[in-house]
Number of protein chains: 2
Amino acid sequence: MSNRKRQLSRCICTGTSLDRMLRPAILTVLRDCRRGLHGYGIEQRLEEFQFCRRSSPDFTGLYRLLKKMEAEGLLRSAKNPSDTGPAKRIYSMTVRGKQCLTRWRISLLNYRDMLDDLLDRMKSNEFEEGQ
Amino acid sequence: MSNRKRQLSRCICTGTSLDRMLRPAILTVLRDCRRGLHGYGIEQRLEEFQFCRRSSPDFTGLYRLLKKMEAEGLLRSAKNPSDTGPAKRIYSMTVRGKQCLTRWRISLLNYRDMLDDLLDRMKSNEFEEGQ
DNA sequence: CATTACTATTAGATCATGTCTAATAGAAAG
DNA sequence: CTTTCTATTAGACATGATCTAATAGTAATG
């Protein structure tokens, strides 16, 4: 009902809706790890990425995305038979996944241009911001 | 257009899921237009923004977002009584909307840093590494 | 007058993504 | 035996983007 009470600290302007980097980041991690990795390992690598610094990537979403990307033909997976312990599913990239990563880079470069354009427009009228 | 297996040209790596700029862009447009604007007018201004160049902003989503942002206290609106023609709803910013815009700028600057970090990692490792 | 284009808004549906809780289960360490 | 770490899955819900469709007045053209 009354959303008016919502504080700025919980507002979307804090950037909570922005992260859209998981797909290209997964592809990057797997490109740099030829032997493949299971979900848990991918998650650990992702923690080094700056966009994961404010909070670890959500593992539920990550595992689900891995399955989806496999269904899309970007990844392949195999059960790891030699391991003891719970079944791990080892993911690695397909050729199509590599093409996809290349395309992602172009898209993200374009995206950065759009972002710069917006940031430029946002600051252009700052003189009226007094207290 | 048929429902074939999704080609690279329709893959998400083209960047179709990236746009998350509508909220700060609306705030920017309204900041630069003191008298307020109705949805249709906002949409026309948005077309100048680079992130809208590849396609016009979706008007359904825009109108819905305007209502939502009003409910959140970022915008206020009033019916335009003097006009002939269909009822226009004139939106303008609240004080809170201005604070929100300021915060958005910080968030987007941080976001750009994350993007740069990811882009750097994407290009960094195209050779083989010893295990 | 009829048609078309433009202005202006709303509703419903679906999809992509993010995030929360919860559950399961083996292994290693104390 | 209990805790912690490793490893995965499921369900639910929220946000946001985008598609179709519908409505309705106004203005210009023929």
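Bear in mind that the values here come from a model prediction, so they are computed numbers and not experimental data. Numbers restart at 1 for each chain; the letters A, B, ... are given by sequence-line order, proteins then strands.
A sub-4.0 Å separation between OP1 or OP2 of C/dT10 and a side-chain N or O of B/Tyr63 is absent. In this structure, B/Lys67 does not reach the C/dT9 phosphate: none of its side-chain N or O atoms is under 4.0 Å from OP1 or OP2. For the OP1/OP2 pair of C/dA16 and a distance below 4.0 Å, the side-chain nitrogens and oxygens of A/Lys68 include at least one atom meeting the criterion.
Residues meeting the salt bridge (Lys or Arg N to Asp or Glu O under 4.0 Å) test with A/Arg112, sequence neighbours left out: B/Asp116.
A/Ile106 and A/Leu101 fall into different hydrophobic clusters, where Ile, Leu, Val, Met, Phe, Trp and Tyr residues are linked whenever their side-chain heavy atoms come under 4.5 Å apart, directly or through other members.
In this entry the distance linking CD of A/Glu70 with P of D/dT9 reads 10 Å, nearest Å. For the pair B/Met69 CE and D/dG16 P, the computed distance is 10 Å after rounding to whole Å. Straight-line distance from the CG atom of A/Leu37 to the P atom of D/dA7: 10 Å, rounded to whole Å. C/dT17 atom P lies 15 Å from atom CG of A/Leu46, rounded to whole Å. Look at CD on B/Glu47: it is 10 Å from P on C/dT7, rounded to the nearest Å. Look at NZ on A/Lys88: it is 18 Å from P on C/dA25, rounded to the nearest Å. Separating the CD1 atom of B/Ile42 from the P atom of C/dT7 is a distance of 16 Å, rounded to the nearest angstrom. A/His38 has its NE2 atom 14 Å from the P atom of C/dA27, to the nearest Å.
Of the two residues contacting DNA chain C, namely B/Tyr40 and B/Arg64, the nearest-nucleotide position lying further toward the 5' end is that of B/Tyr40. Mapping B/Gly39 and A/Ser56 onto DNA chain C by nearest heavy atom places B/Gly39 at the nucleotide closer to the 5' end.
Checking side-chain atoms of A/Arg105 against main-chain N and O of A/Pro24 turns up no donor-acceptor pair under 3.5 Å. Not a single donor-acceptor pair under 3.5 Å links the side chain of B/Arg23 to the backbone N or O of B/Leu65. For the pair B/Glu70 (side chain) and B/Ser77 (backbone), a donor-acceptor distance under 3.5 Å is present. Judged purely by atom type and a 3.5 angstrom limit, A/Tyr111 has no side-chain atom pairing as donor or acceptor with the backbone of B/Phe51.
Between B/Met93 atom CE and B/Leu74 atom CG the span is 8.0 Å, to the nearest 0.5 Å.
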Which pairs, protein N/O on one side and nucleotides 20-23 of chain D N/O on the other, fall under 3.5 Å?
{"residue": "D/dT20", "atom": "O4", "partner": "B/Thr60", "partner atom": "OG1", "Å": "3.1"}

